[in-house]
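Letters A, B, ... are given to chains in the order of the sequence lines, protein chains preceding strands, and every chain is numbered from 1.
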2 protein chains.
Amino acid sequence: MSPTTIRDVARAANVSIATVSRVLNDSPAVRPATRDKVAAVMADLDYVPNLTARRLSLGRTLTIGIALPFLTLPSFVERLRGVQYVLTESEYDLALFSAETPNRLESCLANLFGRARVDGAIVVSFQLNEEQVNQFLQSDIPVVVIDAWQPEMNRVIVDDVEGGRLAINHLLELGHRRIAFLSDYLENPFNFVSMQYRFDGYRQALEEAGIEFNPEYQQEGELGGREAYQKAVKLLTLPDRPTAIFAASDTHAIGVLKAAHDLGIKVPEDLSVIGYDDIRDAEYLHLTTIRQHLFEMGVEGANMLLRELREPAGDPLEVCLPTQLVVRGTTASPN
Amino acid sequence: MSPTTIRDVARAANVSIATVSRVLNDSPAVRPATRDKVAAVMADLDYVPNLTARRLSLGRTLTIGIALPFLTLPSFVERLRGVQYVLTESEYDLALFSAETPNRLESCLANLFGRARVDGAIVVSFQLNEEQVNQFLQSDIPVVVIDAWQPEMNRVIVDDVEGGRLAINHLLELGHRRIAFLSDYLENPFNFVSMQYRFDGYRQALEEAGIEFNPEYQQEGELGGREAYQKAVKLLTLPDRPTAIFAASDTHAIGVLKAAHDLGIKVPEDLSVIGYDDIRDAEYLHLTTIRQHLFEMGVEGANMLLRELREPAGDPLEVCLPTQLVVRGTTASPN
DNA sequence: CTGTTAGCGCATTCAC
DNA sequence: GTGAATGCGCTAACAG
C-alpha cells in the first residue's frame, strides 16, 4: 500500500489539500479549529510529508553538499564535524562527497555540482583549478571553501604562513638553530596548499633570524603518521641532526615522537618537537603545537553558507581564524 | 533566468520530452541519429537534469542515510569510509546523520526515518530499543545495522566475544596471569555494546584458565585516549599491578602506552599491551591488537543494503566478519 | 522509434 | 479562512 499523501489527509479532514499544506507550513492564515482537526488527522493517519515533492515544489533541494579529499586524517573529519553540527539544526540535509583517492577527485566535485543536487556546497581543502572555479561560480549555487584560498569565492581560512612562523619563532626563542621541517609532499595529488604555506612561514622565520635553509632538514612524504615516522628517522640519523623538528601536522608529530622514542632520543631534552592542528590527542600527549580551530572552521563555513543561502552577499566573504601557539611538554631549550 | 529543462531541450531538438527523457535514461529504443541530435542540444544548452524531479517521478529518493554516534573515534569513521566507498559507485547519494552527543541521538534517528528522506539506511553501532526497531521495520525502508546485534534486522557484525577471548588467550599463552581490562563505560549513553562483548570474552577466557576475576583490574572511563591514559595510570600504580592490559580499542591502547612510558614502565618487558581494532596507526606503533575489518564492515553493509534495495530478501541477513590476532611488539612474556 | 498524456506530492496563486 | 486550479521537471504507460 502506498504511503498516505496530503490528499488522504485532506479527504479525511474534510478540507482541501491547500489547507493541509498550510498547517504543514505553519501558515497563520488558518483557523485554530481547522488546524487542530487537520493535525489530529495527520497524527491519526501517520502522515509523513514527502520531502521530495516538497523540494520539487519549492525549487530547492534542501540539502547541502560537502566535498573533501578523504576521511583518514582527523583534521578533515573535525571540519566535517563542525559543518555537520551546524546543519543538524538547520532545515538542510548534509550529503557527503569524499574523494578518498586522487583519481576520484574530479568526479567527486563533478558529482557535487553536476546535477543540481544541492542548494549549496562546502569544499574542504581542495585547491580548485581555474576551470573548476568558473564552473562553480556559474552554477550559481553558493559555495564556501574551507582551508583553501580562492579569492573569487567565499572562504574560511587560517593564516598558515603565520602559523609556521609562530612555530619556528618559538623554537628560535628557545635557542634552537638546527630546525627541521617535516610534512606531506608539498606538491601532492590532492592539491593541498596549507603545508606549503606553513613551509613558507618556516622559511621566512629562519631567514629573519639569519639562519640559512638547510635542504637536508626538509623532509616530505606520503600522508600520515607511518611515513612521518620514517622521515623522522632519516632526520634523526643525520650526522648533524636537528635539535628541533616542526611537523606540519600533529599526526606527523606523533610519528616523530615515536621515532625519537625508538631511537632513544629524549623529548624534549635531546629533541624538541612541535606539531600543527592541536587535534584531540595532542593534549594528553603533551604535544607542543600550533592550534588551528578545525571544528570551528566547519562551523564558520556552514554558517557562512547558510547566510549566503538566506541572502547572497555581493562580494566573496572571508573569515580568517586565528592560529595560536600552545606550549606543552615537547619543546625545550637545546642542550 | 531559470535553468533549462527537459522541455527546452525537446523544443530545441524538435522532439518530444519523452524522447529527451529516453536519451537521458539510455533507453535503447531511440534511433542513434535522434540520440545524437538530442545529446548535442543538451550539451549546447548546458542542460542539467533536475534530480529532484527525477526522484519524485521515480518515487525514490536515490539517497541512503547513515546514522552513527559521532565522528571522533577512528573506528566509526572507518566504517563510514567503507560505506561511502561503495556508494560512490552507485546511483545513491549519501546523507550523513551523526548524533555527536547522546541527547541528539533520538532526534538523529528520528530525522533519518521521519520524513521519507532516504531509500535505505545504515545504522552504525547504535543498539536500538524495541520501539525504534519497530519503527524501522514498519517504515518499510531497508535498514542494515553495522556493529550491533539486532536479530530482526539485517546486520554486519563481528564476534566481539571471540575477539576478547583471542586477546586474553594470547596473553595467557605468554604466561600472564594478572591481566587488566580497560574500556569505555560498558553502560554508556550511546548504548554501544561491543565493549561489553569484549569484556565477556575477557571474563570467559580467564575463567577457562581458572583465573579469578579481579575487579580492581577492570577500568572503565569516558571515551577516548585521554581518559584511557588516566585509567591506565590507575592500573599501573596498583600495589599488585597487572602484567598485561587488554585495551578494548586501539585508541585506548595508545593511551596505555603513553601512560606506561610516562611512568617509566617498559613495554613489552614490564608490561604487555594489546589493543582492539587495528586502526591505521597500530602498525607503526607496533601495537599488538585484535584486528577487526572496520572499513570492510562498511563495505559489506553498503553492499548488503544495495542488494536489499534491488530485491528484498525475506529474512534478516547477517554477515559476521572475522576477528584476528595480530602480534606485534607490545606483548611478550612477563618477567 | 516517437509523441501524447497522465501522474509523482506538494506549494501557491487567485478567487470566493 | 478556505478551496480550485496550476505548475515544479521528470518518468512511464499507451498510442501511433
Original post:
Hey, what do you get for CG (A/Leu317) to CE (A/Met304), rounding to the nearest 0.5 Å?
Top reply: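 It is 5.0 Å, given to the nearest 0.5 Å.
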Subject >> Given C/dA11, D/dC10, C/dT4, the nucleotide with the shortest approach to the side chain of A/Ser21 >> reply: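 Per side-chain heavy atoms of A/Ser21, the pick is C/dA11.
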**OP:** Among the candidates D/dT11, C/dG3, D/dC10, find the nucleotide nearest to the side-chain atoms of B/Thr19.
**Re:**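 Comparing D/dT11, C/dG3, D/dC10 against the side chain of B/Thr19, the answer is C/dG3.
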Subject >> Close side-chain approach of A/Val83 to A/Ile64, heavy-atom, < 4.5 Å >> reply: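 No, too far: nothing below the 4.5 Å cut-off.
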Without decimals, in angstroms, what is the distance between [X] [atom1] and [N] [atom2]?
X	N	atom1	atom2	result
B/Leu56	C/dC10	CG	P	9 Å
B/Asp36	C/dC1	CG	P	13 Å
B/Arg35	C/dC1	CZ	C1'	12 Å
B/Ile17	D/dA12	CD1	C1'	11 Å

Original post:
Is B/Ser57 side chain donor-acceptor paired with the C/dG7 base, going by distance under 3.5 Å alone?
Top reply: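 In this structure, the two groups form a donor-acceptor pair.
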Original post:
With distance as the sole criterion, do the side chain of A/Arg22 and the base of D/dG3 form a donor-acceptor contact below 3.5 Å?
Top reply: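 Present.
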**OP:** May I ask you to say what B/Thr52 touches in the nucleic acid, namely base, sugar-phosphate or nothing, with a heavy-atom cut-off under 4.0 Å?
**Re:**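 Result for B/Thr52 = nothing.
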Original post:
Contact class for A/Arg7 (heavy atom, under 4.0 Å): base, sugar-phosphate, or nothing?
Top reply: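 Since a base atom lies under 4.0 Å of A/Arg7, the category is base.
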Original post:
Looking at the rings of B/Phe76 and B/Phe190, which for Trp means the six-membered one, are their centres under 6.0 Å apart?
Top reply: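 Here the rings of B/Phe190 and B/Phe76 have centres that are no less than 6.0 Å from each other.
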